[in-house]
Each structure stands twice: as C-alpha cells, then as structure tokens.
Amino acid sequence: MTNPGFITVEGVEGAGKTTCLGLIEQQIHARKLELLVTREPGGTPLGEDLRGLLLGHQHTGMADETELLLMFAARAEHLKARIEPALAKGIWVLCDRFTDATYAYQGYGREIPLERISVLEDWVQGHRRPDLTLLLDLPVETGLERAGKRSSPDRFERQALAFFERVRQGYLSLAATHAQRYRVIDASRPLGDVAGEVRQAINDYLDRHTG
Ligand code: Z5A
C-alpha cells in the first residue's frame, strides 16, 4: 500500500475552494482511493460547535488569542478523532483549510507573532503537515464580491479590506517558504480554467504518489 496523501486547499474568501474540493474528490475517487473530505475549523462534532462560535456573531469582541486557541482546540480534536486515524488506515485526507489558514488569518491578518503559532503547531500536530497544499489566489475584492453574492457575511468576512490584503500576502509568503508542497493557482480566471489547473495539479501529484 502506498502512503495516503494529506491534501489541503487554501485561499481568501470566495476563492472557489468549495467548488474545487468537489473536483478533487471526484479525481481521487476515480483512482479508486478511499478518501476523507473534511474542513477546518470543524470536522468533528466538537469542532463544528467551535466553528459556530468562531464564525457566528455572538462573540464579536473575542480576543485574538482566544480565536487562535479555539482554532487549535478544534484542530487537536480533528487530528485525534479523524485525520490521524484515517491516514493510519491508508485513507487519503482532503481538508478545506488547515494550519496555513491560522498562519494567514491569525498570524498575518491579526498580527499574532508567527513564532507563537509555530509553537502550537508543533505541540498539537507533532510532525504532521500537509503533503500538498493548493492555494487559490485572487484579488481580495474579487473574492469578497463572489462570497457576498452567495451568503451573508460571517464574523471574518466583516473585517476591513486591509485585513484580507495581509491574509492574501501571508498566504503568498507561506507558498514561497514551502514551495515544495504548495501549488499556487490563479483563481481570478473563469471557473473552467481554474478547474483545469486544479485537475492538472492533482493528477501530477497522484501520478507521483500512487503506483
Ligand atoms: N479560519 C481562520 O481564521 N483560521 C484557521 O485556522 C482556519 C479558518 C482553519 C471559515 O473558512 C473561516 O475560518 C475563514 C477563515 C477562518 N474566514 N472566513 N470567512 P471557510 O473556508 O469555511 O469559509 P470561506 O473562506 O468564507 O469559504 P467560502 O466563502 O465558502 O469560499 P470558497 O469556498 O473559497 O468559495 P466557493 O463557495 O467555492 O465560491 C464562492 C462563490 O464564487 C460561489 O458562488 C461560486 O460559484 C463562485 N465562484 C467560484 N469560483 C469562481 C470563478 N473562478 N469564477 C467565478 N465565480 C466563481
């Protein structure tokens, strides 16, 4: 059995992650590989409750440190209850956002020192890191406009434009630092073009990592 892959999809709001996750799921199933599709924050009953607290509007004044710790609390549960057991059984994992989102939003966006996030990452995850990360990159205004057409804003989507600019630039720095595992995709193009490049990236990866 080849080792299963842990694939994550990242990007600012409205980048098209949800749309692309569906495509990736089909591709992995077409190779007859078992797959867990999940998301962060969330992925477990406790994690989904924490997601409600993080994205809802009942705690709008939450401290940045509280937000950071709740993200990692949800992640600890997710890793222990779902991600690690799946990988141990040879099941591939496809996750809508993971720790790169914490670096981008709580680190670059909220300006919490990245070293603090790195300490939590090592503590909660041990050596576990994604094997492949697709970053759907696009101008912040385009993403927010797309997300705005789809649903009313969550607690994050009410942030100022400058916050999302820092998040976007943060993601691009992460991609440059971890160039081996990142594929950056220009998500400002029509969906057909974005989908084509996502398919190509996943096929390349599957060709290299499955027999
Ligand atoms: N967060 C955090 O701060 N720290 C962390 O550690 C983690 C998360 C893990 C929830 O994430 C929030 O949690 C998120 C970061 C924070 N902040 N916010 N908000 P989420 O992933 O659940 O929520 P989201 O980023 O808001 O995702 P989204 O709005 O669902 O966006 P999306 O999945 O990337 O987009 P989509 O739903 O696929 O597409 C949006 C619309 O655009 C839809 O109508 C599509 O049909 C359309 N679309 C998609 N692609 C195209 C193209 N190429 N052209 C035209 N139209 C398109």
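Start at 1 and go down the list; that is how both ligands and their atoms are numbered.
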Closer than 4.0 Å to some heavy atom of P190 - which atoms of ligand 1 meet that? 53 (N)

Under 3.5 Å between any N/O of R97 and any N/O of ligand 1: does that happen in this structure? yes

Below 3.5 angstrom, do we get any N/O pair linking G14 and ligand 1? yes

Where the closest heavy atom to atom 23 (O) of ligand 1 is concerned, which of E10, K17, E67 has it? K17

Please check if a non-hydrogen protein atom sits closer than 4.0 Å to atom 25 (O) of ligand 1. yes

When you measure from atom 5 (C) of ligand 1 to each heavy atom in R51, E40, M71, H78, which option holds the nearest one? M71

re atom 55 (C) of ligand 1, the protein heavy-atom contact at minimum distance is R146 NE, 3.6 Å

Note the single closest protein heavy atom to atom 33 (O) of ligand 1, along with its residue, its atom name and the distance in Å. T18 OG1, 2.4 Å

Could you list the atoms of ligand 1 found under 4.0 angstrom from a heavy atom of Q106? 2 (C), 3 (O), 4 (N), 5 (C), 6 (O)

Can you establish whether the number of heavy atoms outside R116 located under 6.0 Å from its atom CZ is more than 12? no

Candidates L54, T19, V9; heavy atom nearest atom 45 (C) of ligand 1 found on T19

Any chance the side chains of E121 and Y103 put a donor and an acceptor closer than 3.5 Å? yes

Among all the protein's non-hydrogen atoms, which is closest to atom 18 (N) of ligand 1, and how far away is it? E13 OE1, 2.5 Å

For G11, state whether at least one heavy atom is located under 4.0 Å from any atom of ligand 1. no

Report the nearest protein non-hydrogen atom to atom 8 (C) of ligand 1: residue, atom name, distance rounded to 0.1 Å. P41 CD, 3.5 Å

Distance-only, no hydrogens or angles: does the H78 side chain make a donor-acceptor pair with backbone N or O of A74 under 3.5 Å? no

Exceeds 12 heavy-atom contacts within 6.0 angstrom, atom CD of Q58: yes

Test: R168 cationic atom under 6.0 Å from Y171 six-membered ring centre, within 45° of axis: no

With distance as the sole test, does Q27 use its side chain to make a donor-acceptor pair with the main-chain N or O of R199 at under 3.5 Å? yes

Any N/O pair G16/ligand 1 closer than 3.5 Å: yes

Please report which non-hydrogen protein atom sits nearest to atom 12 (C) of ligand 1, along with the residue it belongs to and the distance in Å to one decimal place. L55 CD2, 3.6 Å

Given 3.5 Å as the limit, does a donor-acceptor pair link the side chain of R128 with the main chain of E84, or not? no

Would you call R129 and D100 a salt bridge, using N to O less than 4.0 angstrom? no

Under 4.0 Å from ligand 1, counting heavy atoms only, is it the side chain of T102, its backbone, both or neither? both

Nearest protein heavy atom with distance in Å, relative to atom 53 (N) of ligand 1: R189 O, 2.9 Å

Taking the side chain from R166 and the backbone from Y108, do they hold a donor-acceptor pair closer than 3.5 Å? yes

Side chains of Q159 and R110: do they bring a donor and an acceptor to under 3.5 Å? yes

Enumerate the atoms of ligand 1 whose separation from the nearest heavy atom of D96 is less than 4.0 angstrom. 21 (O)

At less than 4.0 angstrom from any non-hydrogen atom of R75, what atoms of ligand 1 do you find? 6 (O), 9 (C)

Among side-chain atoms of H178 and T133, is any donor-acceptor pair under 3.5 angstrom? no

Other residues, nucleotides, ligands: >12 heavy atoms within 6.0 Å of E34 CD: no

Can you name the nearest heavy-atom pair linking E13 to L144, along with the distance? CG-CD2, 3.6 Å

min-distance protein heavy atom vs atom 28 (P) of ligand 1 -> R150 NH1, 3.1 Å

How far is atom 7 (C) of ligand 1 from its nearest protein heavy atom, and which residue and atom is that? A101 CB, 3.5 Å

